[in-house]
Amino acid sequence: MTGTTEVPPRVDSPVRPSPPATAFGRWLLQHRVAPVGPESDESHAQPQAWWKVMCLTGVDYFSTLSYLPAIAALAAGALSPLATLLIVALTLLGMLPMYRRVARESPHGQGSVAMLEDLLPFWRGKIFVLVLLGFVATSWIITITLSSADATVHLLENPLAPGFLHGHEVLVTVVLLLVLGGVFLLGFSEAVGVAIPLVVIFLALNAVIVGAGVVRLLSEPVALDRWVDALTAGGGFGDVIGPAILAFPLLVLGLSGFETGVSMMPLVAADGKTPEERLESRIRNTRKLLTAAALIMSVCLIATSFITTVLIPAEAFQPGGPANGRALAYLAHEHLGGAFGTVYDISSILILWFAGASAMAGLINIVPRYLPSYGMAPEWSRAVRPVVLVYTAVCILITIIFKADVNAQAGAYATGILAMMVSGSVAVTISAVRKRRRPAAIGFTVLTLVLLYALVENVIEKPDGLTISAFFILGIVVISLVSRVSRTTELRVEHIEFDEAARRFVHDSIAHDGALTLVANRRQAGDEAEYREKEAEQRGVNPVPGQADVLFLEIDVVDPSDFSDVLKVRGVEVAGHRILRADSPAAPNAIAAILLTLRDTTGVRPHCHFAWSEGNPLGHLFRYLLLGRGDTAPVVREIIRSAEPDPERRPGIHVGG
C-alpha cells in the first residue's frame with residue numbers, strides 16, 4: 001500500500017504477468033510480437049533493410065520458378081508464354097497496385113484482414129476475422145509443408161541422391177521442417193541471413209540457364225521455328241487465347257509472395273524522428289519491396305516460360321516425364337551438364353525448403369496480433385519462439401497425414417492462397433468505393449472478378465482444398481472460443497487512466513471518512529432521481545454506513561467481442577451525485593480492475609455494493625460471455641479472488657436485495 005490518497009493519472013494493470021523463473025523460460029519468451037497500433041514497436045526482431053526483407057519474402061515468391069514454367073507448359077502447351085504474359089499483366093496491373101494500397105491502409109502488418117475487419121461490428125467481425133485467419137493459416141501452413149515436400153522431391157530426383165532415401169520421403173520432409181523451425185528459434189535476423197544468399201544464388205543460376213537457352217536458340221533456330229508453327233497451328237484467335245485463359249488459374253499461385261510481403265511490414269527498417277515519419281518511411285520502403293519483387297519475378301517468368309516451352313519437347317512435361325514439375329532443372333542438366341544441373345538442383349532444394357520461411361514469418365507477424373488481443377489465445381502466444389514450436393509441430397503432423405505428397409496438398413494450398421487474394425481485392429475495392437475513387441474502384445472490381453474466377457475454378461477442379469481449409473477454420477474457431485472462455489476471469493486491462501475529476505472524487509471521498517464506498521450502477525436514465533433512488537436502495541439492503549460518502553461506479557459495455565483495452569475512468573457529477581464512469585468490453589472485469597487499482601494507489605481497501613440480478617444463472621453466464629454483462633457481483637468477486645490470493649487484501653464485495 002502506498003499510504004497516500006492521491007490516484008495517479010495513469011496506472012499499470014494491478015496484475016502483471018510474472019517473469020519466467022528459469023533461463024530457458026526467459027529465452028523462450030524473449031521476443032514478443034507487439035500489439036497492433038501506431039506506437040507498436042518491433043521488439044521481437046531487429047528491423048532490416050527493405051531489400052533484405054524482400055529476400056525473405058522472395059524465397060516463397062521466387063522459388064515458384066522451380067515448377068511454374070513446367071505447370072504452364074503442361075497446361076497451355078505452346079501457348080505457355082502467352083498464359084505467362086497474362087500472369088505478368090495481372091501482377092503489374094492488378095496485384096502490385098492492390099498490395100501497394102493494402103500497405104498504405106494497413107501499415108502495421110495486418111494486411112487485408114484488418115481492412116475487412118472494420119466492415120462488420122462486434123462478434124460478427126471477430127468470427128469473420130477468424131474465418132479469414134483460417135484461410136491464412138491454410139495457405140501459409142500448407143506453403144511450409146508443400147514447399148518442404150517439393151524440396152524432398154527435387155532432392156530424390158537428382159541422379160546423385162543416395163538410394164536409401166527413396167521410400168523415406170516423409171522422414172526427409174520432417175527433418176527439413178525441423179531445421180526450418182530451428183532457424184526461426186534462433187531469430188528473425190538469422191532467417192534473413194539465410195534467405196539472402198539463397199535468393200541471390202537461385203536467381204543467378206536461373207539467369208545462367210536463360211542465357212544458355214538464348215544462345216542455343218540463336219545457334220539452332222529450328223526449335224524456334226517449331227514453336228512458331230505450333231503456336232499458329234490452331235488458326236483462330238479463340239484457339240490461341242482459350243487455352244491460355246484455362247491455364248491462368250494454375251499460374252495465379254505464383255503470386256503468393258505479396259501477402260507475406262505486407263505481413264512483414266513491421267520488420268522493414270524505417271527512418272524518421274517521429275512515429276508518424278517512421279510509419280510513412282516504412283510504407284514507402286514496403287512499396288519498394290513489393291515493386292522490386294514484382295518486376296524481378298515478371299522478367300524471370302517471361303524469360304523462363306519462353307525458354308522452357310521452346311527448348312523442351314512437349315512429351316517431357318507429361319506426368320512421369322523428366323521435365324514434369326522441374327523444367328529449368330531439366331534444361332540445366334541437358335544443356336549445361338550434370339555438374340551445373342546438380343548445383344541448380346541443390347539451389348532449388350534449398351530455396352524450396354526455405355520457401356516456408358516467408359510463410360512462417362507471415363504467421364509469426366499476423367496471427368499473434370489478433371488472437372491474443374481477442375482473448376482467443378493465451379498471452380504467451382505473442383512470444384515468437386513458442387508459436388514457432390506450435391507451427392512446426394502442426395506442419396509435421398500435416399506432413400505425416402498427407403505422407404509428404406505434393407499433389408495431395410496442392411488443392412488446399414491453392415484454395416488458401418486464392419482466398420487471401422480475393423479478400424485483399426475485395427478490401428481495396430471497398431476502400432476505393434468509400435473514397436469515391438471511381439477508376440480505382442472499377443479496376444479493383446475487375447481484379448476481384450478475375451481472382452474469383454481463379455478461386456472457383458480451383459474449387460471445382462480440387463474440391464478437397466476447400467474441405468481442408470474448412471478444417472483449419474473450424475480448428476481456429478473452436479480453439480479461439482475455448483481460450484476466450486478460459487480467460488474470462490482475467491482482469492483484461494493493459495493500464496488504467498483517471499481524469500482529473502475522477503481523481504478528485506476519490507481524494508475527497510477518502511478525506512470525508514477515510515474509506516472508499518462505491519455503488520455499482522447500470523445506468524438507465526442517468527438523472528438525479530436514478531442516483532437518489534439507487535443510493536437509498538443500497539443503504540437499505542447493504543451494509544453501507546450511514547455517514548459514508550458514496551461514489552457510483554458505472555461501466556458502459558461498448559464492444560463485448562473485444563477482450564482487453566485501456567480503461568479510461570471519467571469523473572461525472574449529476575445533481576451532486578459523483579460517478580466514476582468507464583467504457584469496457586466487460587463490466588465485471590473493469591470493476592475488478594478499478595477496485596484493485598484504487599486499493600493499490602490509495603492504500604484504502606474499497607467496498608463495492610451491488611444488487612442481486614434477476615434471472616437464470618446459466619443465462620447470466622452466457623450474457624456475460626457474449627454481451628459483457630450478467631450477474632456482475634459474483635463474477636467481480638471471482639476475478640478479484642483469482643487476482644489477489646490474500647482474502648484480507650481483497651476489496652469488499654457486498655450484495656443485497
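This structure is a prediction, so every number in the text was calculated from the model and none was measured. The basis for the numbers below is simple: all heavy atoms, side chains too, and nothing from hydrogens, waters or symmetry mates.
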#### Entry: Pairs involving residues 163-174, ordered by first then second residue, that meet side-chain hydrogen bond (donor to acceptor under 3.5 Å, both in side chains) (sequence neighbours left out)
T152-T173
### Atom pair OG1/CZ of T467 and F472 - distance to nearest 0.5 Å
12.5 Å
### Short side-chain to backbone donor-acceptor contact, N206 and F202, under 3.5 Å
yes
### Task
State, yes or no, whether a side-chain contact exists between L451 and L455 at a heavy-atom distance under 4.5 Å.
no
### Task
Measure the shortest side-chain to side-chain distance between I87 and L68 over non-hydrogen atoms and say whether it is less than 4.5 angstrom.
no
### Task
Would you name the heavy atoms of A70 and A323 that are closest together and state the gap between them?
CB-O, 3.6 Å
### Message
Could you report the tightest heavy-atom contact between L180 and G356, atom names first, then the distance?
### Response
CD2-C, 4.0 Å
### Query
So do the side chains of M54 and K288 get within less than 4.5 Å of each other, counting heavy atoms only?
no
### Task
Evaluate the side-chain proximity of L56 to F354: yes if any heavy-atom separation is below 4.5 Å, no if none is.
yes
### Heavy-atom check, side chain of T415 versus side chain of F135, under 4.5 Å
yes
### Query
Any side-chain heavy atom of T64 within less than 4.5 Å of one from M297?
yes
### Query
Is a side-chain donor or acceptor of R282 paired with a backbone partner of M265 at a separation under 3.5 angstrom?
yes
### Summary
Between the CG atom in L146 and the CD1 atom in I398, the distance rounded to the nearest 0.5 Å is 11.0 Å
### Task
Output, in order, the C-alpha distance, side-chain angles, deciding distance and verdict of side-chain hydrogen bond (donor to acceptor under 3.5 Å, both in side chains) for S80 and S305.
CA-CA 7 Å; S80 169; S305 176; 3.1 Å; yes
### Task
Give, for atom CD1 of I396 and atom CG of L176, the distance between the pair rounded to the nearest 0.5 Å.
11.0 Å
### Query
Is the backbone of A355 close enough, under 3.5 Å, to the side chain of D60 for a donor and an acceptor to pair up by distance?
no
#### Entry: Any donor-acceptor N/O pair, T392 side chain to V388 backbone, under 3.5 Å
yes
#### Entry: T291 vs R100 side-chain heavy atoms within contact, under 4.5 Å
yes
### Query
Under 3.5 Å, is there a donor-acceptor pair between the side chain of S148 and the main chain of T145?
no
### Query
So, for T91 and A294, which heavy atoms are closest and what is the spacing to 0.1 Å?
CG2-CB, 3.9 Å
#### Entry: Trace of the side-chain contact (heavy atoms from CB on, under 4.5 Å) decision for M360 with I144
CA-CA 7 Å; M360 181 74 80; I144 297 171; 4.2 Å; yes
### Message
Any non-hydrogen side-chain atom of F444 less than 4.5 Å from a side-chain atom of R101?
### Response
yes
### Query
Which value, rounded to the nearest 0.5 Å, describes the distance between S425 atom OG and M98 atom CE?
5.5 Å
### Message
Under a 3.5 Å distance rule, please check whether S139 uses its side chain to pair with a backbone N or O of V136 as donor and acceptor.
### Response
yes
### Any donor-acceptor N/O pair, S423 side chain to M420 backbone, under 3.5 Å
yes
### Task
Please confirm whether the backbone N or O of I479 pairs with a side-chain atom of S483, one donor and one acceptor, at under 3.5 Å?
no
